[in-house]
Structures are given as structure tokens and as C-alpha cells.
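For reference, the structure discussed in these notes is given below.
Every heavy atom of this structure was used, including side-chain atoms; hydrogens, water molecules and symmetry mates were not.
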Amino acid sequence: MTTNLQEQGLLLLRQALDNSTADFRPGQWEAIEELLKVRSRYSLSNALVGVKV
């Protein structure tokens with residue numbers, strides 16, 4: 001299932017590479033998504049204790 005975030009990521013990838021048919025390699029999007037989740041949890045936990053990121 002493709003998410004809006006994945007579609008935006010694919011658009012950015014294609015723009016960066018100047019290649020309208022570029023696609024993520026197998027497992028690449030999942031790795032990016034996991035990093036975004038970790039960052040989101042980190043930001044949320046810092047917000048809860050009043051620390052700015």
C-alpha cells in the first residue's frame with residue numbers, strides 16, 4: 001500500500017535524480033519510513049519534557 005508520504009518521497013527522489021521513472025530500491029522506502037518513525041517518537045518524547053529539537 002502506497003501512502004501519501006511515500007508518494008511525496010518518490011516525487012522528491014525523482015526530482016533529485018531528474019529521472020521521472022526512478023523508484024526506491026527494494027527495502028529502501030521501509031528503511032526511510034522507520035527512520036521517520038524513530039525521529040517522530042524522539043521529537044514527541046522531547047516535547048513532552050519541554051526540550052526543543
Side-chain angles (χ1 to χ4, degrees):
M1 181 166 119
T2 303
T3 64
N4 187 38
L5 186 59
Q6 186 175 0
E7 290 172 8
Q8 290 176 6
L10 186 56
L11 177 64
L12 290 172
L13 174 71
R14 290 176 174 173
Q15 287 175 347
L17 297 177
D18 195 24
N19 179 345
S20 63
T21 62
D23 206 350
F24 293 110
R25 293 179 183 168
Q28 191 174 20
W29 173 252
E30 292 79 5
I32 293 168
E33 190 173 40
E34 196 59 36
L35 288 171
L36 292 172
K37 287 178 186 176
V38 169
R39 181 177 176 192
S40 177
R41 285 192 299 264
Y42 177 75
S43 295
L44 178 61
S45 66
N46 283 338
L48 293 174
V49 295
V51 176
K52 293 185 180 180
V53 177

(message) Please find the pair of heavy atoms, one from Leu5 and one from Trp29, that lie closest to each other, and give the distance.
(response)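 Smallest interatomic distance, heavy atoms only, reads O-CH2, 3.7 Å.
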
(request) Return yes when atom CG of Asp18 has more than 12 non-hydrogen atoms of other residues, nucleotides or ligands closer than 6.0 Å, and no otherwise. (result)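 Open: at most 12 neighbouring heavy atoms sit under 6.0 Å from CG of Asp18.
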
(request) Working to the nearest 0.5 Å, report the span between CD of Gln28 and CG of Asp23. (result)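 So the gap between those two atoms works out to 9.0 Å.
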
(message) Under 4.5 Å between side-chain heavy atoms, counting indirect links through other Ile/Leu/Val/Met/Phe/Trp/Tyr residues: same cluster for Phe24 and Leu36 or not?
(response)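 Same hydrophobic cluster.
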
(message) So, applying side chain to side chain contact (heavy atoms under 4.5 Å, CB included) with Leu10, which one of Gln6, Gln8, Glu7, Arg14 is it?
(response)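 Testing Leu10 for a side chain to side chain contact (heavy atoms under 4.5 Å, CB included) against Gln6, Gln8, Glu7, Arg14 leaves exactly one candidate, Arg14.
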
